[in-house]
Amino acid sequence: MRILVQKFGGTSLSSENARARAIQHIKRESDNGYSIVVVVSAMGRKGEPYATDTLLGLIRENGNALPLREVDMLLGCGEIISAAAFCSLLNSGGIPSVALTGGGAGIVTDEQFGSARIKRIEPNRLVKYLEAGLVVIVTGFQGITSQGDVTTLGRGGSDTTATALGAALHAEMVDIYTDVSGILTADPRIVAEAKPLAVVSYAEICNMARQGAKVIHPRAVEVAQQARIPLRVRSTFSDDPGTLVTDLPTDRAEHSVQDRHVTGIAHVAGVTQISVGAIEGRNDMQLQVFQTMAKHHISVDFINVTPSSALYTVFDQDAEKALYLLKESGFAPNAVQGCAKISIIGGGMNGEPGVMARIVEALTEQGITIMQSADSNTTIWVLVLESDMVCALRALHAKFDLHL
Ligand code: ADP
Ligand code: MG
């Protein structure tokens with residue numbers, strides 16, 4: 001059996017036209033001889049009747065009154081509606097199919113409601129349906145605990161359902177269908193010239209996803225990488241091949257992954273830069289600062305420590321608490337709210353001179369101040385004011401000729 005997993009995101013299921021396109025993709029690959037597992041998200045985005053955000057709206061007023069376990073019961077409904085509706089469409093289109101919940105498909109998770117981790121997949125039942133020649137539709141984003149409770153995997157979790165099923169079933173490929181034509185050099189909602197990448201490595205896209213590129217969930221990429229299953233990110237609305245994620249050499253890229261210095265640019269807005277100076281006579285500043293953040297579950301990023309200061313970022317929503325705690329410990333922190341972290345990512349930038357110079361050039365030309373920077377062998381990060389973010393992204397995209 002040659003198994004293909006096809007995942008359809010919310011916007012790919014929200015309209016009749018979109019669902020018809022999805023069915024064309026299923027039919028084409030089924031005609032190509034694949035046994036097909038379809039993973040579906042909830043239909044549509046915020047404001048639409050069965051979208052995850054809409055379901056959450058039902059309990060917003062008194063949200064805290066509902067324990068996380070029951071919140072997951074509610075959230076799991078979106079994908080169930082989607083799977084059943086899609087099953088009826090496929091059947092009436094002459095493609096025999098069955099729909100399974102996450103639990104029905106054997107996806108067993110831990111008990112961390114709202115952000116559960118898949119512990120194992122027992123795919124026997126699913127395989128039997130495939131062997132019987134049915135298309136198997138599985139609700140994305142959810143699993144079941146060993147007790148039988150529904151869990152959800154966190155935002156973007158349907159991507160992980162797709163790659164985890166791909167791994168468990170030894171699928172030949174996992175296709176992530178979405179509303180853009182692949183993984184682009186930047187978020188097309190901000191950089192109109194962003195261009196789809198033909199091939200990227202798991203590490204590059206995992207890095208981009210972690211640094212804010214919401215096109216695929218980083219965990220999903222990790223799972224595919226571990227199982228060595230190639231992934232394609234492609235558009236529901238065209239037959240273009242999209243972006244292939246693999247570590248193997250392919251003939252699809254004009255420039256191999258190693259050849260290009262910069263592959264893409266990602267961003268995260270809504271961060272606060274905090275700086276704390278050492279206090280005379282106290283040598284515990286660094287320890288105190290980071291222990292305090294850790295103790296209160298405030299996640300810190302972009303850390304830069306010198307003997308006399310600690311510089312780091314937190315999410316805007318944690319800033320007030322962080323500053324309060326620091327002052328309580330006797331420090332006098334400074335904070336700049338409303339910053340954005342921009343990541344310039346490329347598997348081939350390692351040791352390449354001049355990448356940082358070009359970044360500084362691009363931003364200086366626009367009069368943008370770099371508030372902080374750091375680098376690794378595959379990424380250079382810069383922190384700018386959020387009000388400069390859009391301009392910075394466009395300038396960097398142009399400077400590295402990513403539109404070409
Ligand atoms: P789905 O509902 O199909 O899972 P998502 O909204 O999760 O769709 O992901 C697709 C969106 O990701 C696109 O509409 C796009 O705005 C956004 N995005 C952010 N960065 C990138 C990028 N580098 N390449 C492609 N899309 C990106
Ligand atoms: Mg998504």
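Indexing begins at 1, ligand by ligand and atom by atom, following the structure's order. Positions are given from 1, in the same order as the sequence printed here.
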N/O to N/O below 3.5 Å, does that happen between [X] and ligand 1?
X	answer
Gly212	no
Asp159	no
Met208	no

**Request:** For ligand 1, indicate whether the residue Lys7 contacts it via side chain, backbone, both or neither (heavy-atom separation under 4.0 Å).
**Result:** side chain

**Prompt:** Considering only heavy atoms, does Ala186 approach ligand 1 within less than 4.0 Å through its side chain, its backbone, both, or neither?
**Reply:** backbone

**Item:** Cation-pi, Phe237 ring and Arg21 (6.0 angstrom, 45 degrees)
**Value:** no

Would you mind checking which non-hydrogen protein atom is closest to [atom], with the distance to 0.1 Å?
atom	answer
atom 2 (O) of ligand 1	Gly10 N, 3.2 Å
atom 1 (P) of ligand 1	Thr178 OG1, 3.6 Å
atom 26 (N) of ligand 1	Val215 CB, 3.4 Å

**Request:** Identify, with sequence neighbours excluded, every residue that meets side chain to side chain donor-acceptor pair (under 3.5 Å) alongside Glu122.
**Result:** Arg120

**Fill in**
Sorted by chain and number, sequence neighbours left out, salt bridge (charged side-chain N to carboxylate O under 4.0 Å, His left out) with Arg394 holds for none

**Asked** Under 3.5 Å, is there a donor-acceptor pair between the Glu361 and Thr364 side chains?
**Response** no

